[in-house]
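Contents: one structure, followed by commentary.
Side chains are part of it too, since the values below use all heavy atoms of this structure and drop only hydrogens, waters and symmetry mates.
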Amino acid sequence: MQIVVAGQGYVGLPLAVRAAEVGHHVIGYDVDAHRIRAVAAGHSYVEDVASSRLRAVLDSGNYSATTEAAAPAGFDIAVITVPTPLRDGVPDLTYIETCARTLGEHLRPGATVVLESTTYPGCTEELLLPILEKASGLRAGEDFLAGFSPERIAPGNKRWSFDGTPKVVSGIDARSLDVIKGFYDGIFQTTVPVSGPKVAELAKLLENTFRLVNISLVNEMATLAAPLGINVWEAIDAAATKPFGFTRFTPGPGVGGHCLPVDPLFLSWKVEQELGVPFRFVDLADDVNRHMPDYVVQRVVDGLDKRGLPVKGSRILLLGLTYKYNATDLRNSPSARVAELLIGLGAEVRGADPNVQESDTSKLNVPRVDASPQEVAAADAVVLLMDHTRFDLAVIEKNAPYVLDCRNRLSGANVETL
């Protein structure tokens, strides 16, 4: 089939490449010219898509990338994977709206449009369909098909691959669901059909709200256990021995990425708009996690103070700048806020992350260094924010005069855990 994947980022590129690998003719459409030039040259910027795979589908002729708005013409299925950020707590749907108008101009009878971008329940039917209908002059369900299928990208996850993760699918009617399920059946090992787009939209938000709330729980517990003289990590290990009724989550410096800091707030916003009541669990969880960088910085200040050092003028080394273990992604990483707060207190802050390019690290406004024995030893405080496997933890334990370990990976008289 002729497939258009609109948006060639962390969600769209893996889908486009996989669809091309199974035999579809795929056009990767994106308005970012820099991104398209890289993809067209066979250079993948998504860690789960090797450049060799990208070059293979380019060479096969099954995949091409473009910024040309006319390129989607003639598609059988178009999948929208554009960003849906929050602006001051309100969903910014302009990317979906602009993309829908572009696709609508090329929409023909019998074609299908699938939204994968995370959004609020009702967005597919209340926002997307009217734009497509107005731009095309066609009627949803009568002339063209549509549905929602939430992305479940997990960058760096070695256990659950892109195509091995079950795929939730929905359609605005039975015919739409049949076509959409058939398309994804050819790409994913398992598809999970649901009764309609609102259920699929809510399922995506439920998944990430579950994680946010539970991470918030253990993060707040960590802030309370420390002053009580209790090792929260030991308590979590003990609780995790229960074979039922408990799911293990661990503390950290805060949440990041494209999902957890954003997706649950879509649901909170929708509930407030539609029902006029707050979604208290989400609001509280968001508040707890937004303040975890403040707690990390306060622990560093306290740790330096116990050693007779003021934070102002102290040399602090941040290790692991991405939001996720072994990932390369800095989006919404709590490391940025930790660095900002420490710099605001007058500290000399440096950052080390072997998984991140230097150009990306510069966005955090901290000098990039390697976690060498000399650099570790020269720091007044080392903060292990993310315990990537490429870090030599023994070097940190041996050479750091003081470590705040946010991941419970180090030991020794010079180490404090979060």
Side-chain angles (χ1 to χ4, degrees), residues 1-8 11-12 15-31 61-82 84 93-117 119 121-151 167-188 191-201:
M1 291 190 290
Q2 299 290 320
I3 307 298
V4 170
V5 180
Q8 290 296 277
V11 176
L15 175 63
V17 170
R18 183 61 186 148
E21 288 175 338
V22 301
H24 297 297
H25 179 69
V26 182
I27 295 173
Y29 170 67
D30 201 298
V31 296
N62 280 354
Y63 173 76
S64 61
T66 182
T67 60
E68 295 296 325
F75 68 82
D76 295 306
I77 294 178
V79 184
I80 300 174
T81 63
V82 297
T84 48
L93 304 174
T94 54
Y95 295 101
I96 292 179
E97 293 167 349
T98 300
C99 185
R101 283 191 288 269
T102 299
L103 294 175
E105 293 173 358
H106 304 294
L107 190 57
R108 58 190 178 82
T112 302
V113 178
V114 185
L115 179 62
E116 281 205 10
S117 304
T119 185
C123 182
T124 301
E125 293 160 299
E126 298 165 9
L127 177 74
L128 178 64
L129 296 188
I131 295 175
L132 292 173
E133 290 180 334
K134 182 177 179 180
S136 66
L138 303 176
R139 295 284 296 173
E142 297 177 13
D143 304 314
F144 69 91
L145 311 178
F148 180 81
S149 180
E151 59 88 5
K167 182 69 166 165
V168 174
V169 295
S170 71
I172 60 171
D173 54 27
R175 193 158 61 103
S176 295
L177 177 59
D178 185 58
V179 170
I180 292 169
K181 183 178 185 301
F183 167 64
Y184 284 116
D185 278 343
I187 295 175
F188 292 85
T191 56
V192 183
V194 297
S195 61
K198 286 185 180 180
V199 174
E201 290 160 341

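Looking only at side-chain heavy atoms (C-beta outward), Glu201 and Val168 stay at 4.5 Å or farther from each other. With contacts defined as side-chain heavy-atom distances shorter than 4.5 Å, the pair Tyr184/Val79 qualifies.
The shortest non-hydrogen separation linking Gly171 to Ser176 is CA-CB, 3.9 Å. Smallest separation of non-hydrogen atoms from Pro72 and His106: CB-CD2, 4.1 Å. Between Ser117 and Thr84, the shortest heavy-atom distance links the atoms CB-CG2, 3.8 Å. Closest of all the heavy-atom pairs between Ile131 and Ala100 is CG2-CB, 3.5 Å. The minimum heavy-atom distance linking Gly104 with Ser136 is given by the pair O-CB, 3.2 Å. Considering every non-hydrogen atom in both Phe148 and Ser170, the closest pair reads O-OG, 2.6 Å.
Remark: Asp76 CG to His24 NE2 distance equals 9.5 Å, nearest 0.5 Å. Expressed to the nearest 0.5 Å, how far OG1 of Thr191 lies from CZ of Phe183 amounts to 12.0 Å. Between the CD1 atom in Ile187 and the NZ atom in Lys167 there is a gap of 8.5 Å [rounded to 0.5 Å]. Summarising the geometry, atom CG belonging to Leu128 is positioned 5.0 Å from atom CD1 belonging to Ile80; distances are rounded to the nearest 0.5 Å. The distance from the CG atom of Leu107 to the OG1 atom of Thr102 is 12.5 Å, given to the nearest 0.5 Å. To the nearest 0.5 Å, the span separating CD1 on Ile96 from SG on Cys123 amounts to 4.5 Å.
A side-chain donor-acceptor contact under 3.5 Å links Glu133 to the backbone of Ala140. Put simply, the side chain of Asp143 never gets that close to the backbone of Pro109: no donor and acceptor are under 3.5 Å apart. Judged by distance alone, with hydrogens and angles left aside, the side-chain atoms of Asp30 form a donor-acceptor pair with the main-chain N or O of Gln8 at under 3.5 Å.
Within a 6.0 Å sphere centred on CZ of Arg139, heavy atoms belonging to other residues, nucleotides or ligands number 12 at most.
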| request: Determine, step by step, whether Thr81 and Glu151 satisfy the side-chain hydrogen bond (donor to acceptor under 3.5 Å, both in side chains) criterion, reporting the C-alpha distance in whole Å, the side-chain angles of both residues, the deciding distance to 0.1 Å, and the verdict. | output: CA-CA 8 Å; Thr81 63; Glu151 59 88 5; over 6 Å; no
| task | Could you go through the side chain to side chain contact (heavy atoms under 4.5 Å, CB included) check for Val31 and Thr98 one step at a time? | result | CA-CA 10 Å; Val31 296; Thr98 300; 6.0 Å; no
| request: Walk me through it: do Ile180 and Leu145 pass the test side chain to side chain contact (heavy atoms under 4.5 Å, CB included)? | output: CA-CA 9 Å; Ile180 292 169; Leu145 311 178; 5.9 Å; no
| request: Evaluate the criterion salt bridge (Lys or Arg N to Asp or Glu O under 4.0 Å) for residue pair Glu21 and Arg18; output intermediate values, then yes/no. | output: CA-CA 5 Å; Glu21 288 175 338; Arg18 183 61 186 148; 3.4 Å; yes
| field | side chain to side chain contact (heavy atoms under 4.5 Å, CB included) evaluation trace for Thr112 with Phe75 | value | CA-CA 8 Å; Thr112 302; Phe75 68 82; over 6 Å; no
| field | Full working for side chain to side chain contact (heavy atoms under 4.5 Å, CB included) between Val4 and Gln2 | value | CA-CA 7 Å; Val4 170; Gln2 299 290 320; over 6 Å; no
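A side chain to side chain contact (heavy atoms under 4.5 Å, CB included) with Leu129 is found for exactly one of Val113, Ile172, Leu115, namely Ile172.
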